[in-house]
Amino acid sequence: MNQENSQEEKSFWEKLLSIDRRIIFLFIAAAIAVPLFFKVSMHIPATPVVQGVYDAIENLPPGSKVLASFDYDPGSMPELQPMAEAFFRHAFRKDLKVIIMGLWPQGPLQANMALEEVFKDEDIKAKNLQYGIDYVNLGFTAGNEVVIDRMGHSFEESYPKDGQGTPLSELPLMKGVRNYDNVDLIYNLSAGYPGTQEWVQYAVDVFHVKLAAGNTAVQAPAMYPYVQTGQLAGVLGGMKGGAEYETAIGKPGIAVRYMFSQAIAHAVICFFIIIGNLAFFSLKKKKRS
Amino acid sequence: MRREVPLVLTAIVGLTMIIAHFIPPFNILKDLFEDWFFIIAAFAIYLGVLNLLRVNADKVYKKQRDWPFGVVVILGFLVITIPGLFFSGGRSFLDIGTPFYYLYIHVYYPLSATMFALLAFFVASASYRAFRARNVEATLLLVAAFVLMLGRVPIGDWITAWLPEGYRLGNAADWIMDFPQTAGQRAIMIGIALGLVSSALRVILGLERTYMGGD
Amino acid sequence: MSGEVVGVWIGAILTLGIFSFLYKDNPFYKFSEALFVGVSAGYWFVVTFWQYFLPKLVDNLSLAYTELAVNGRIDYHWVYLIGGALGVLMLLRLFPNVGWLSRWSLAFVVGTTAGLQFTRYLQSNGILQVKGTILPLFVSGNLNTTIGNIVIVVGTFCGLIYFFFSKEHKGAFGGAARVGIWFLVITFGALFGYTVMSRMSLLIGRLDYLFGEWLKLI
Amino acid sequence: MNKTHPPSSESKSTFFFLLFLFVLFFLFTPFSVGAEEASEVEGEPVQEAEAPPTPPTNIRAEDNPNDKGGIINISWDRSADDGAGANNVTAYEILRSTERDGVYEHIGGTAPGATFFSDSDVKNKVKYFFKVRALSPLGTSESLPSMAASSSVQLFDFSRLTLFILAVIIGLAIFYFISKARGGKELYIRKIAGLEAVDDAVGRATEMGRKIIYIPGIMDMDSMQTIAGVTILGRVAKLAAEYEAKLEVPVSRSLVMVTCRETVKEAYLNAGRPDAYNDNMVYYLTDDQFGYAAALDGLFIREKPAVVFLQGQFYAESLILAETANLVGAIQIAGTAMPSQLPFFFAACDYTLIGEELFAASAYLSKDPKLLGSLKGQDVGKFIFLLVIFAGVALLTLNSVLGWNLPNLAEKLF
């Protein structure tokens, strides 16, 4: 009886150690899917790094020009797209003019997708924003940080035409915009290289322009030192940063809704790690005795 | 000719790039050579694409295993290239409303994002397997990962709410990122700098030349 | 059915196709995979043409040509002909007799990369990191920074010792290398844990698409 | 900051001190502002408020240092009216002329508060004069002209002097040990587990009759990591040829495909088995990061390779590849110099080459004394760095313990 019991127990721990990974997959899927259906709205107050981004935009007088560089691709959409939408909402409500560009081929397209979403808002629809007057999309240019450097001397050198092939000189918004001296803020959404680090090194450090950024959670910690030194007004880090920003502009969106799933999923992974170690140690103890 | 010219060319170009970094009037070479690289790569992509199409056409023609999927590869390629090159408004091919944009949003993007999302599952299975306290190193790996995972979401602070503020899991996570993590990262980065420098020199000096092929 | 609705259905089906791989390999995945390879190869082919080939080669040469035709000046942009020539050499691989000429382009690319990254990495990964490590081990009145600085200096120092190739890891040297490994391992663990957040949000995005945009359950 | 550290008693006292200062500031600010306003009203006639803003002063124009010329930097002291009052400056305009008293043309502008402008539209060796004009709702005012400035070509970038010296020293060290090794001197190189395993892994693939799949990263030939990956492929391919193992190299860049073909062909030739090579061993899939990962996942599952090499530059797909290879029971030998991806390889793979080891791998596998010599040269570089860190830390620590108040040497040197 006793022996049988221990036999069974042993096989239980062993089974646990070599658990089919599909069971883990199932738990993860459930941990993320189920909370999506419960509209738990966690209160997510803005941390100082996020507040820095919010203030940088909030404090601009109406009519100020913001250069928004979209340096990411669809892969980082869940993290960065909420930041893009929240930014447009914030900027258009404050009547800022937005110059869109991208150092990643798909970046300007992500901007278009965010615009499409934001234009559905009633208050923004009512403003009847015009391409060329209220916002322009310069498109993508290859060359990474070299583009940033060249733009310090002249935007036109890197972007003779906008994304649709219209010469910059024919766009009312671009009148009088020669280089960074003529924009009031750069807002950069970045998922890697080239990205915020390059904007700091080649635009902020050289041309002394103000920069606020949103980054993937993977990248954000590397940007904190720049915030401390003031090279960066603030940084939105990952989905949590997006959620904080959404809360700050008073329009909680997708990021806020997602935070609950996020927390549960982390807990599930930790749970499995604990189980794995329990199994590992009980087997080890058994072997020793 | 076949072998010597490329080796000499590598050496000259490599040394020029290094020297140009220190001589301002030559800085422009950096931009120029990078542009040339893009041009060479833009030509080379024809080689890759032709290879892809040939391999799959072969597969279909010879009725190899899974040959129907060879048809899918070829069709997939054509379905996006033809509209992208000819029917999507030229350079503004990525604008909202073009056929290329439609394919991008409804075919390319879901595939790409889902593939990326598989990582959520693999992160879980890899951590289950790898994070076991087998020895000192594995234990440190486990503890650091654990603290960071919980410390990054509200749960971490919630579990450790009984601790005084400033000593909770979130703070511990930040501390690990700021100090030991920075140190480890620095050591790796400095090592990489030296490894790369030495590797680049071997290439420039022609000691490492397997990539250049034979006669 | 509008184009949008059809599009969401296509997207959802392909999403499920990729996810099905988690269970096991199956024809549904094979289809999604094959389509993905074809479409993405085509995607980058088109992008390369419009965003690299045209602006970098054709635009620069046409600039040079206009300058010549209008002002009769030989412009600097003609040097892009060399870039174009190196590109054409690449294509010669399609002809076995002259294929070896493509090595010239390869040699150019490899030489440029080696030279460029030599200085770039020595500066950003080498000098700047060394500079960042030069910290005082004692900061009066600030215990946090003092401890933090000690950790950074010791960790970087020992970590570097681990990478020594030509000295045996024995004695005090070996001990330092061991501490170095500990720091590397903590770094790996921390970065792993840190990244989990990003990865989970990707899956959230996908499931939200399936349940929200497609099935309209949320 | 959300990077709050455990508060220590020291930081607490600092905090309270700052709070105290803050409170003092708040208490006294209204009075001082009031006082200023009063003096303005008293000291200046009312109609003066209608006058243009005070002009910017102290206009300085200098050649932008360490460049090929073509840029002059202009800086100035702000107008006294910048930042307050009805006469607030709304913008600065920069004016330029080639003669001190000549006609000045408008060349650009800045936002209020700025004190710097960089003119990148100048000819070298031509003398220019600059003025700055302040704009306000009530009018404009011009500064006095700057001293003459001209841009010129500098033949050496002195801001990069440290880098230059270091590059020369490390380069010479590597070169020295390469030529020393050429003389036939035996060098000790410590064992690198991941590379010791290569032989066995290739052997096992032969025994099992399964494939070796080699992935040289997802980046193009403009990355040294890819080049390192390709040179390692050369060594692995030679082993595979010798052991008669089946090698397959699916790549994601066309240039990498071309290079890998040359490499593998050469390796098979050197191993005396040119007949066993054919171009189909190396093939292109797609430039796309995840398209490539999807295809490799399918390949791993269907081919069940005995060994998977992941050597080069990787991004997020690293873990997708490593986990799938693990699922099919392949030995995974990974290596990358991407710090962000090393954790995943380290957790999921059997062997991982960490950063510098990736670059050392081809030299290590070749067992060629010349190449091994270069590793010794690298160590000299490490030794120099350690020395610099040690000296710098010692100096700074003494400085702060003994309160010497040294200038920041590190800041000066680098």
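All chains are named by letter (A, B, ...) in the order of the sequence lines, taking the proteins before the strands, and each is independently numbered beginning at 1. Values below: all heavy atoms of this structure, side chains included; hydrogens, waters and symmetry mates excluded.
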Handout entry: Side-chain donor or acceptor of C/W50 paired with backbone N/O of B/G84 under 3.5 Å
Key = yes
Practice task
Please determine, among B/L196, B/V123, B/I176, B/L15, the option with the most heavy-atom pairs under 4.5 Å with chain C.
Solution key: B/L196
Practice task
Select one option (side chain, backbone, both, neither) describing which atoms of C/Y80 are under 4.5 Å from chain B's heavy atoms.
Solution key: both
Problem - Interchain contact, C/V153 with chain B, by part (heavy-atom threshold 4.5 Å) - result: neither
Handout entry: Heavy-atom contact with chain C under 4.5 Å, split by part of B/S112
Key = both
Fill in the blank from the handout: Cut-off 4.5 Å, heavy atoms of chain B, and the answer for C/L22 is side chain
Exercise for the section: Check for a donor-acceptor pair, side chain of C/Y43 on one end and backbone N or O of B/T81 on the other, with a separation under 3.5 Å. Expected result: no
Practice task
Answer with side chain, backbone, both or neither: which region of C/E33 has an atom nearer than 4.5 Å to a non-hydrogen atom of chain B?
Solution key: neither
Fill in the blank from the handout: Honestly, the part of B/V197 sitting under 4.5 Å from a heavy atom of chain C is both
Practice task
For the residue pair C/R93 and B/Y46, establish whether any side-chain heavy-atom pair is separated by less than 4.5 Å.
Solution key: no
Handout entry: Proximal component of B/M115, with respect to chain C [non-hydrogen, under 4.5 Å]
Key = both
Exercise for the section: Using a 4.5 Å cut-off on heavy atoms from C-beta on, say whether the side chain of B/T139 contacts that of C/W182. Expected result: no
Exercise for the section: May I ask you to name which of B/D66, B/I192, B/N56 has the most heavy-atom pairs under 4.5 Å with chain C? Expected result: B/D66
Problem - Side chain / backbone / both / neither for B/L111 at chain C, heavy atoms under 4.5 Å - result: both
Handout entry: Contact origin within B/L50 toward chain C - heavy atom pairs under 4.5 Å
Key = side chain
Handout entry: Interchain contact, C/F49 with chain B, by part (heavy-atom threshold 4.5 Å)
Key = side chain
Handout entry: Interface moiety of C/I181 toward chain B, non-hydrogen atoms closer than 4.5 Å
Key = side chain
Exercise for the section: Counting only heavy atoms closer than 4.5 Å, note whether B/F33 contacts chain C via side chain, backbone, both or neither. Expected result: both
Practice task
Please flag which part of C/F163 lies under 4.5 Å from any non-hydrogen atom of chain B: side chain, backbone, both or neither.
Solution key: side chain
Exercise for the section: Report the option among B/L52, B/V71, B/I188, B/V203 that has the most heavy-atom pairs separated by less than 4.5 Å from atoms of chain C. Expected result: B/I188
Exercise for the section: Among residues two or more places apart or on two chains, list those pairs meeting ring pair (Phe, Tyr, Trp, His ring centres under 6.0 Å) that have a residue in residues 115-139 of chain C. Expected result: none
Problem - For C/R120, side chain to side chain donor-acceptor pair (under 3.5 Å) partners two or more places apart - result: B/E34
Practice task
Identify which of B/A44, B/G14, B/G90 forms the greatest number of heavy-atom pairs closer than 4.5 Å to chain C.
Solution key: B/G90
Exercise for the section: Please state whether the side chain, the backbone, both or neither of C/F164 comes within less than 4.5 Å of a heavy atom of chain B. Expected result: neither
Completion exercise
So, the part of B/F69 with a heavy atom under 4.5 Å from chain C: the answer is both
